[in-house]
Amino acid sequence: MSLEEQRALLARIAPELLEAKRVEKKRLPPLPGAEPGKVITRLPPEPSGYMHIGHAMSGLLNYLYARMYGGVIWLRFEDTDPRKVKPEYYESFRKGYKWLGIEWDHEKNNSDDMELFYRYAEQLIKSGKAYVCTCPAEKIRRLRALGEECEHRSHGADENLHLWNEMLAGGFGEGEAIMRLVGDMKHANTTMRDPALFRIIEHEHPLTGDRYRVWPLYDFAVSIEDYLCGVTHVLRTSEFALRDELQNYIRSLLGISRHPIYIEYSRFEFQGTPVSKRRLRAVLEAGLARSWDDPRFPTIEGIRRRGILPEAIREFTITQTGFSYAKREYDWSLLFAINRRILDPVARRLFFAPNPVKLLIDGAPEISVEAPYHPSNMDLGSRNLRAGGELYISGIDAERMRPGDVYRLKYLMNFKVLEVSGNIIRAEFMGREPIRDVQIIQWVPAGECVEVEVLVPGVLYVNDEINQESLRIVRGLGERAVETVRLDEIVQFERFGFCRRDSASELRFIFAHD
RNA sequence: GCUCCGGUAGUAUAGUCCGGUCAAGUAUACGGGCCUCUCGAGCCCGUGACCCGGGUUCAAAUCCCGGCCGGAGCACCA
C-alpha cells in the first residue's frame, strides 16, 4: 500500500489518529493542581514601560491556562511605585493584551486598595509582626547582609503604631522611615530578612494623585492582592522565585492560609533583541532608533509593525515554551516560520523590483495578463498587468545575467540576454509560453510602476554590542497594484519576502521575513 | 562574595520526580527530492544532541558526588 493509500484507509477507519497528532502539538502541558472551573490566574503588569514580547508570552500562558480549565483571569496593574508609573503605560498593556486576543474577566489596580493595605499593616504592627525602622537605607543593607537586627526591631507595638501613624501623617520625609516585617535576619533566603513593606514616596500618582504618601512594596501588595483575587496559579519568570516563601509568610501572618501554586520559568529573549529597558534606551540614545515602537524592538507595537501576527505569538508560546529554568535565547526563525505558515495562505503576492535595473527586450509585443494575487487562494482575486519591451527587474537578478542566458518574466514572456551594460540589460523576445527549466523572475512595467521603500529590521545587538547596521532600507519599484495594499496589510513581494504596509500615505513597508 | 536553580542536536523544547519501552520524540535550521509560471508554501527523505569525570545498578539522559559552564536573587523597583 502506498503512503497515500494508507493514509486514506486510516482516515476512513480511525480519523482521530490523524487528527490527534496535530492537535496534541498545540496544547500546553497540564497545570499542576488545576481543577476544572476553579483556576484563577492574573496578568500583573507594572505600568512603568511599554509592553513587550516577554509580557506577551507570560500573559498568554496565564490566559491560556485560565481558559483551558474554564477559569478566570484578572488584569491587575502593579502600580505601587508612583514615580515609575505612567498613564500611557497602562494603556499600552490593555492594548497589547487585546491585540493578542487575551480577554480578561476583571480589571483592577493595586493602587485601588491603599486603605486596605493600611488596615492590614496596622494588624501586622499590632500583632508585633511589623515595625517602623528609621535606619538609613545603607545601614539596612549592611545589617541585612550581615544577618543582624537593628535597634528598632525591639520597639513595642504601641510605639510602632505611633510611628506608623506618624508616617501616614507626614511626620517623616522620604527615606526617613519604612515599615518592616519581622522576619528572620539570619534566614538563608535574604528576602526573608525583615523586608521593607511600606516606604514613603512624595510623588503624584497618575490614579490617586497626592492622596497617599506611604506606599506598599511589591511583596506586601501582591500577597494581599493575590488573595483578594483568589488567584490559584501564578506563572511568572524566575526572578520572583525567592519571593514565594515571603509572600506565603506575609499571608499566613495575616491569617490567610490559602496560597497560590507558583510556577516559575526562566526569562528569555530573542537572539540579539534584548527586552531590557536599559539596553533598548541605549539604542534610542545612540540615535539608531527613534521610538519604542521601532520594528526592531521587542515591544508589542514594534513586533506588530514588523508584521508578526498575534496568532503566531500565541502558537509560539504554546509550542516552543516550557517551564525550563535554563537561560534561553530564541532564534527568530522559530517565530518567523510560524508567522509565515499563517500568512502564506492569505497574503497577496505582488511584484517588487528592489534596486531596479532596466530591461529592454527587442521584438517584445505589448501584452496584457490577468495575474492572480495568490497561486491557490482565488478569493484574493487578480490584477491586470501590462507590459511590452521596457521593464524593470530586480538588481540581484540582473547581476547574474550573462549574454545568452534565457529567463522568463512571470506570466509574461521569455527573453534571451544579449548585452549587459551598466544599468541596462538588452535582450531579445523568446516567446510567450513558459519553457521548462528556465528561471522565472518578477518584473515591473517601466511605464506603470511606483516607488516603494522597504525597511528591513535586523538585530539590535551583535556580540553584546549595539549593531550599527540594524536597519536597512531597500528602495525599488513596485507594480501599480502595490498602491492597493491597505495600511497594515501584509503582502508577499515575490522572491523578496512578506512585508507590511506601514504608512497610509506613502508606499513604505516593513519587511517581516522571507 | 553569599544563597538558590539549571545544563538534551545550530536554536528551542519533550523525556528527568517514579532508572529499563530513549540505539532519545517534536519544531525550526540545514542538505536532497516531489510539486509549483515565486529561491514562498505544502509533501517526502536525510544530517544532527543527553556539559565533563567518577560512583550506585543487571541497566542511567534519568539516582549520588565532584568539576566546568550558564541563569536568578541578595532594593525604601516590580
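First the proteins, then the strands, lettered A, B, ... as listed; each starts at 1. The structure displayed is predicted, hence computed values, not measured ones.
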Distance between the [atom1] atoms of [N] and [M], in whole angstroms?
N      : M      : atom1 : value
A24(B) : G46(B) : P     : 13 Å
U21(B) : A59(B) : C1'   : 13 Å
U28(B) : C43(B) : P     : 9 Å
G33(B) : G71(B) : C1'   : 43 Å
G32(B) : G70(B) : P     : 36 Å
C5(B)  : G67(B) : P     : 15 Å
A27(B) : U8(B)  : C1'   : 15 Å
A60(B) : G19(B) : P     : 13 Å

For the pair made of [atom1] in [X] and [atom2] in [N], what is the distance, rounded to whole Å?
X         : N      : atom1 : atom2 : result
Glu264(A) : G71(B) : CD    : P     : 19 Å
Ile338(A) : U26(B) : CD1   : C1'   : 12 Å
Ile490(A) : G40(B) : CD1   : P     : 19 Å
Asp344(A) : G42(B) : CG    : P     : 7 Å
Ile140(A) : C74(B) : CD1   : P     : 15 Å
Phe268(A) : A72(B) : CZ    : P     : 14 Å
Phe336(A) : A41(B) : CZ    : C1'   : 17 Å
Asp81(A)  : C76(B) : CG    : P     : 12 Å

Legend entry - OP1 or OP2 of C76(B) under 4.0 Å from side-chain N/O of Arg144(A): yes
Inset, instruction - Look at Arg349(A) and U38(B) and indicate whether a side-chain polar atom (N or O) is within less than 4.0 Å of OP1 or OP2. - result: no
Inset, instruction - Kindly assign one of parallel, tilted or perpendicular to the pair Trp332(A) and Phe336(A), based on the angle between their ring planes and the thresholds 30° and 60°. - result: parallel
How would you label the contact of [X] with the nucleic acid (heavy atoms, under 4.0 Å): base, sugar-phosphate, or nothing?
X         : result
Asp244(A) : nothing
Arg193(A) : nothing
Ile200(A) : nothing
Thr80(A)  : sugar-phosphate
Arg400(A) : base
Pro136(A) : base
Phe240(A) : base
Glu78(A)  : sugar-phosphate
Arg180(A) : nothing

Looking only at the aromatic ring of each residue, does the gap between the centers of [Y] and [X] stay below 6.0 angstrom?
X         : Y         : result
Tyr89(A)  : Tyr50(A)  : yes
Phe240(A) : Tyr262(A) : no
Phe511(A) : Phe496(A) : yes

Pairing of [X] and [Y] as salt bridge, 4.0 angstrom limit:
X         : Y         : result
Asp344(A) : Arg341(A) : no
Arg42(A)  : Glu225(A) : no
Glu479(A) : Arg348(A) : no
Asp464(A) : Arg279(A) : yes
Asp405(A) : Arg400(A) : no
Arg141(A) : Glu138(A) : no

Under a 3.5 Å cut-off for both distances, is [N] Watson-Crick or wobble paired, and to whom?
N      : result
A41(B) : none
U36(B) : none
C58(B) : G20(B)
G48(B) : none
A14(B) : none
G73(B) : C2(B)

Legend entry - CA sep, side-chain torsions, deciding dist, call: Tyr120(A), Tyr227(A), ring pair (Phe, Tyr, Trp, His ring centres under 6.0 Å): CA-CA 13 Å; Tyr120(A) 276 118; Tyr227(A) 161 69; 7.4 Å; no
Inset, instruction - Assign a letter to each nucleotide of nucleotides 5-13 of chain B from its 5' end: B, base within under 4.0 Å of a protein heavy atom; S, sugar-phosphate only; -, no contact. - result: SS----BBS
Kindly point out which of [options] is positioned nearest to the side chain of [X]?
X         : options                : answer
Lys410(A) : C74(B), C76(B), C37(B) : C37(B)
Arg243(A) : G73(B), C76(B), C37(B) : G73(B)
Ser238(A) : A41(B), C37(B), A72(B) : A72(B)
Leu242(A) : G73(B), A72(B), C37(B) : G73(B)

Inset, instruction - Let me know, please, whether Ala145(A) or Pro29(A) comes out on the 5' side of the other along RNA chain B by nearest nucleotide. - result: Pro29(A)
